[in-house]
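A short worksheet on the structure shown next.
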Amino acid sequence: MWAAGTLKVRDCLAGTSVTLRRCLKLGATMAKSKFEYVRDFEADDTCLPHCWVVVRLDGRNFHRFAEKHSFIKPNDSRALHLMTKCAQTVMNELEDIVIAYGQSDEYSFVFKRKSNWFKRRASYVFYWRDYFEDQPLLYPPGFDGRVVVYPSNQTLKDYLSWRQADCHINNLYNTGTLAADKNEILFSEFNINYNNEPLMYRKGTVLIWQKVEEITTKEVKLPAEMEGKKMAVTRTRNVVVPLHCNIIGDAFWKEHPEILDEDS
Ligand SMILES: Nc1nc2c(ncn2[C@@H]2O[C@H](COP(=O)(O)OP(=O)(O)OP(=O)(O)O)[C@@H](O)[C@H]2O)c(=O)[nH]1
Ligand SMILES: [Mg+2]
Ligand SMILES: [Mg+2]
């Protein structure tokens with residue numbers, strides 16, 4: 001998705017894979033060969049229907065990539081914004097994604113229960129220069145993807161909570177030290193109040209759809225006496241908005257009931 005040719009997400013979301021399998025079956029009956037047996041190794045990778053489908057992409061050996069491209073430690077806001085830009089682009093292309101969550105070198109995309117499609121993008125490389133102006137891209141990063149299905153709203157919420165907890169733990173660790181009472185040590189020894197660290201670093205990024213009112217001027221044709229006149233027209237548009245809020249706990253889900261709404 002982020003770098004061409006590196007993503008190995010199986011096409012388990014696509015209804016087309018079923019069609020493809022049918023075609024293969026048809027072809028196979030027409031021309032069977034002694035090699036036919038290898039098809040038995042194919043696992044049925046169709047995702048369970050009616051479940052939430054999560055695709056998580058994670059940078060491969062990103063430790064090296066960050067080092068080679070002089071990323072600021074432990075958090076480089078350019079890198080995080082570049083990831084978010086890519087994820088927003090993906091969401092804008094795939095309206096079936098209801099929410100996405102990103103931190104560090106990973107992004108999770110949650111597809112509607114009814115979804116049946118998926119696409120690839122080479123966004124990360126494409127937008128690199130917008131975020132890392134002075135740092136040339138030395139090699140294209142690779143991202144591996146995995147697909148997991150979650151059967152209930154609660155398991156999906158728990159999945160996203162797990163990723164945000166991971167963001168918190170890693171960030172606290174990377175910002176400071178190994179010891180038990182990290183917050184206290186950060187404050188007393190390094191004079192860093194962890195709670196003052198930017199929210200994007202502590203909470204990661206949540207991408208959701210929000211309706212915005214857009215005012216545009218339009219030439220109005222009717223009625224006849226107003227012909228040629230420009231008028232302000234308001235229309236509602238769905239846009240992808242980044243948030244750096246808590247998704248662990250009920251408050252977020254109560255505030256945004258539409259995300260998990262079956263019919264939306
Ligand atoms: N300096 C810096 N490094 C980052 C930043 N974001 C991610 N990284 C690096 O990316 C790594 C991501 O962790 P992992 O995904 O567990 O490790 P990985 O090196 O990508 O290895 P694999 O995922 O197993 O291939 C971190 O350990 C950091 O080294 C950042 O903003 N700044
Ligand atoms: Mg990684
Ligand atoms: Mg990672």
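Remember, it's 1-based here, ligands and their atoms both numbered in the order they're listed.
In summary, the atoms of ligand 1 found under 4.0 Å from a heavy atom of R60, numbered by their order in the structure, are 25 (O). Residue G59 has at least one heavy-atom neighbour below 4.0 Å for each of these atoms of ligand 1: 20 (O), 22 (P), 23 (O), 25 (O). Every atom of ligand 1 with a heavy atom of S104 under 4.0 Å away is listed here by number and element: 6 (N), 7 (C), 12 (C). Residue N75 has at least one heavy-atom neighbour below 4.0 Å for each of these atoms of ligand 1: 31 (O).
At a 3.5 angstrom cut-off on N or O pairs, R64 does not count as close to ligand 1.
The residue among P74, A79, S77 with a heavy atom at the shortest distance from atom 30 (C) of ligand 1 is P74.
Under 3.5 Å, the side chains of D158 and Q154 contain a donor-acceptor pair of N or O atoms. Side-chain contact check for N238 and Q210: no donor-acceptor pair (N or O, by modelled atom type) lies under 3.5 Å. Checked by atom type, the side-chain pair N153/R113 shows a donor-acceptor distance below 3.5 Å.
Considering only non-hydrogen protein atoms, atom 31 (O) of ligand 1 sits nearest to D76 N, 2.7 Å. Protein heavy atom at the shortest distance from atom 25 (O) of ligand 1 is N61 N, 2.7 Å. Closest to atom 13 (O) of ligand 1, if we only count protein heavy atoms, is D105 OD1, 4.0 Å. Counting only heavy atoms of the protein, atom 4 (C) of ligand 1 lies nearest to A66 CB, 4.0 Å. Among protein heavy atoms, the minimum distance from atom 27 (O) of ligand 1 is reached at H63 ND1, 4.3 Å. Protein heavy atom at the shortest distance from atom 20 (O) of ligand 1 is F62 N, 2.8 Å.
Under the 4.0 Å distance rule, the nearest protein heavy atom to atom 17 (O) of ligand 1 falls outside the cut-off.
Contact annotation: R60 places no N, O or S atom under 2.8 Å from the Mg ion (ligand 2). One of the N, O or S atoms belonging to D58 lies under 2.8 Å away from the Mg ion (ligand 3). Look at D105 and the Mg ion (ligand 2): an N/O/S atom of the residue is under 2.8 Å from the metal.
Here F109 and Y101 keep their ring centres 6.0 angstrom or further from each other. In summary, the aromatic rings of Y201 and H168 are positioned with their centroids too far apart to meet the 6.0 Å limit.
Between Y124 and F143, the angle of the ring planes lies from 30° to 60°, which puts this pair in the tilted group.
Side-chain contact between K203 and C167: absent, with no pair of heavy atoms (C-beta onward) separated by less than 4.5 Å.
With a 4.0 Å heavy-atom cut-off, ligand 1 is reached by the backbone of I72 but not by any atom from C-beta on. When heavy-atom distances to ligand 1 are checked against a 4.0 Å cut-off, D58 comes that close only through its side chain, counted from C-beta outward.
When atom types are taken as modelled, the side chain of Q135 and the backbone of R129 share no donor-acceptor pair closer than 3.5 angstrom. A donor-acceptor pair under 3.5 Å is absent between the side-chain atoms of R202 and the main chain of N171, judged by distance alone. Between the side chain of D166 and the main chain of W162, no donor-acceptor pair closer than 3.5 Å is present.
Partner H69 forms a ring pair (Phe, Tyr, Trp, His ring centres under 6.0 Å) with one of F132, W128, Y131 and no other, that one being W128.
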